[in-house]
Amino acid sequence: MLVLAVDTSTPAVTAGVLDLPADGPPTLLAERVTVDAKAHGELLTPHVRDALAAAGKALAEVDAVVCGTGPGPFTGLRAGMVTAAALGHALDRPVHPVCSLDAIAAEAPGDPLLVVTDARRREVYWAAYGPGGARTAGPDVVAPAELAGRLAELGVTRVAGARIFDFGLPVVGPEHPTPVGLVTAAAAVLRAGAEPGDLTPLYLRRPDAVEPGARKRVSRA
Amino acid sequence: MTIVLGIESSCDETGVGLVRLDGDGRLELLADEVASSVEQHARFGGVVPEVASRAHLEAMVPTMRRAFEVAGLKLSDVDAIAVTSGPGLAGALLVGVSAAKAYALSLGVPLYGANHLAGHVAADTLEHGPLPSPCLALLVSGGHSQLLRVDDLATRITEIGSTIDDAAGEAYDKVARVLGLPYPGGPPIDRAARRGNPRAIAFPRGLTGPRDAEYDFSFSGLKTAVARWVEARERDGEEVPLDDVAASFQEAVADVLTAKAVRAAERFDIGTMVVSGGVAANSRIKALAAERCAAAGITLRVPKPRLCTDNGAMVAALGAHLVAAGVEPSSLDLSATPGLPVSTVSV
Ligand SMILES: Nc1ncnc2c1ncn2[C@@H]1O[C@H](COP(=O)(O)OP(=O)(O)OP(=O)(O)O)[C@@H](O)[C@H]1O
C-alpha cells in the first residue's frame, strides 16, 4: 500500500512516500526533509508535492497518511497535523497518528532505549522503550538533568533522538522521526486496516496564560 | 461560474466560507461557517494566542465539513482557495495557511494568500454588490482601526490613517473590564450605552487637536480617562453610573471614528464609505456614521454584523475578486505573515 508520512514535531520538516508491503519493512520511495524550525508552515506542503513527484506517484494514489503527533513545540507541530488532517479529508483517506518518539524508536530496535527530542525552554520530551520496542514510559517533558537521574530506574542503555544532552549512553538511531520510522511504527494498524485513532497533538504542556488579577489602578492613590 | 473556498484563522475564529463567482462578476454566498474560541478566552480578558491556535487545529476540518454540507457542495467542486495569510497571530494564521495549502495541493486548484483587512472590506460586496472606485473603508475591530482608500479591492488599497495605540475594539474590551462587564466588551457596553446619557461625561477625543495627525486614531488616552473617572468615583464612595459612563465612552469613540472618516472622504473626494470589522456592529457608530454621511452626501455601506466579525466568507469573497481580476495565485511555499501591510492585498 502507498503511504504518505509527515512529521513536524522537531526542527525537521519531513515528508516521505513509502510502499508498505503485506510483510516486511516499508520501502522508502522518496522523501524531502529540511531541518529548519521556522519553516514548517512554509515547506511541508511543497515537500509532500516534491516527494510524490520524485516517487513518480500522484496524491490520488495514496492509500493512507501517517502523521507524527509529537510531542513537539506547539506551532511547528500543528503545521504537520493540520496538513495531514486536510490531506486526509480532501483525499478521503485515513490519517493514522503516531507518537513521534515511537517513530524514532522504530528505527533503533534492540536493547532498552531512551528517546529524547528538544522541547525548548531547557527541557526535553522523552519516552523509554523495552527490548521488544514497546514504549515502557512517557511520553513526558522534563529537564534533561532530571531525566539523567532516572536512567537506572528506566533501565535504558542507549539513547536516540536529539543530540542535545550527554546522558552518558551510546547514541543510536536517527535524530528526528523519519518516514520509514513513522510507517514502521504504524505498520500493524495500517495492515489491519484499522480505524485510525484520534489525531490529537501531544502538547504535554498547558498554554501560557494567566488570568488577570484585580484591575490595575491607573490613578495615583 | 467559479466556486471559491475561503479560510480564516487570524485570531480566535476558525472560518470557512464558500462563494460562487458568476460570469457577470456577481458574488453569491453559499456557506459561512465559523467556530469561535471566544469563550475559552473570556476568563483571560483577551485572546490567548496558544489557546486560539489549539482551537483552530481542532476546528479546521469539522468547520470545513459543515461548510460543504450547508452549501451542498463537494470538495471537488472548488475552483480556487483563498486563505488569510496576514495580518494576525502567527501561530493562528499558520493553521489556516497550512490547511489551505494541503487542500489546494490535493484538489489541484490555485491558492491565494489573502489580506485579512482587505477581506473585511470584501465582506461588504457579498451583501451590497460591487464597490465603486474609489471608496473609503473604515475598518474597526479588536485588532485594527484603520482608514483605507480602496481603488480596487483586488489590487489597490492604501492606508490613509490608523490607530497609533489601541484598536477601537480593544478599547471597548478594556473599558468593559473597568466597568466589570464581560469579555468581549463591545456588546455589553453597546447595550448599557443605550440606557445612558452620552453627554453625561466629557471624555477626551484622541488626536483631534490642530497639530494632531488628521486621520490617525488614539484610544489609549480615552481608556485611561474612563478608568480614572471611575476610580475617582469609587474612591469617594460614590456609585458609578455605569450606563452614563458607557454612553459617554461610546460617544467619544463614535464621534472620533466617524468625524475622521467623513473628513477623509471629503478631503479625497470619495463618495462611498464602507464600515466593517467587529466594531461596525456598534449601534451608535452605525447611527452617527449614517447621520454624518447623509449630511455630507456620502453613500454609507455597513455589512450585517455576521459579516463584520471575522469569518471565512469574507476571505472567499476577496478570493473571488482576486480570481475575477486575474491576479497571479500564490505559490505553495506561501507562509503566514503576521505583519502583512494592508497595501499587500494578496501575496
Ligand atoms: N456592538 C459592538 N460595539 C462595539 N464593539 C463591538 C461590538 N460588537 C463587537 N465588538 C468588538 O469587536 C471586536 C471583535 O471584532 P472582530 O471579530 O472583527 O475582530 P478581531 O477578532 O479582533 O479580529 P481582527 O482585528 O483581526 O479583525 C471585539 O473587540 C468586540 O468587543
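Numbered from 1 within each chain, the chains take letters A, B, ... in sequence-line order.
- Heavy-atom neighbours of B:Glu39 CD from other residues, nucleotides or ligands within 6.0 Å: at or below the threshold of 12.
- At a 4.5 Å heavy-atom cutoff, B:Ala336 makes no contact with chain A through either its backbone or its side chain.
- Distance CG/A:Leu43 to CG/B:Leu332: 11.5 Å, rounded to 0.5 Å.
- Checked by atom type and distance alone, the side chain of B:Lys101 never pairs as donor or acceptor with a backbone atom of A:Pro46 at under 3.5 Å.
- In A:Arg122, the CZ atom is not crowded: 12 or fewer heavy atoms of neighbouring residues, nucleotides or ligands sit closer than 6.0 Å.
- The shortest side-chain heavy-atom distance between A:Thr45 and B:Ser98 does not fall under the 4.5 Å cut-off.
- Considering only heavy-atom pairs separated by less than 4.5 Å from chain A, the leading option among B:Val48, B:Leu94, B:Leu107 is B:Leu94.
- For chain B, no part of A:Asp92 is nearby; none of its heavy atoms comes within less than 4.5 Å.
- Here the straight-line distance linking atom OG1 of A:Thr200 with atom CG of B:Leu57 works out to 9.0 Å at 0.5 Å rounding.
- The part of A:Leu59 that comes within reach of chain B is its side chain, from C-beta onward, which places non-hydrogen atoms under 4.5 angstrom from that chain.
- Once rounded to the nearest 0.5 Å, the distance linking CZ of A:Arg49 with OG of B:Ser106 reads 13.0 Å.
- Counted within 6.0 Å of CZ on A:Arg163, heavy atoms from surrounding residues, nucleotides or ligands total more than 12; the atom is thus considered enclosed.
- Counting heavy-atom pairs under 4.5 Å between each of B:Met64, B:His56, B:Arg54 and chain A puts B:Arg54 at the top.
- Electrostatic pairing of B:Glu50 and A:Arg205 does not count as a salt bridge here, judged by no charged N lying under 4.0 Å from a carboxylate O.
- Per-residue counts of heavy-atom pairs under 4.5 Å with chain A were compared for B:Val95, B:Leu334, B:Val78; the largest is that of B:Val95.
- Here the OG atom belonging to B:Ser331 is positioned 8.0 Å from the CD atom belonging to A:Glu42, to the nearest 0.5 angstrom.
- Chain B forms more heavy-atom pairs under 4.5 Å with one residue of A:Ala60, A:Gly80, A:Gly41 than with any other, namely A:Gly41.
- Across all their heavy atoms, B:Ala102 and A:Thr83 have their closest contact at CB-O, 3.6 Å.
- Across A:Ala90, A:Gly76, A:Gly88, the residue that shares the most heavy-atom pairs under 4.5 angstrom with chain B is A:Ala90.
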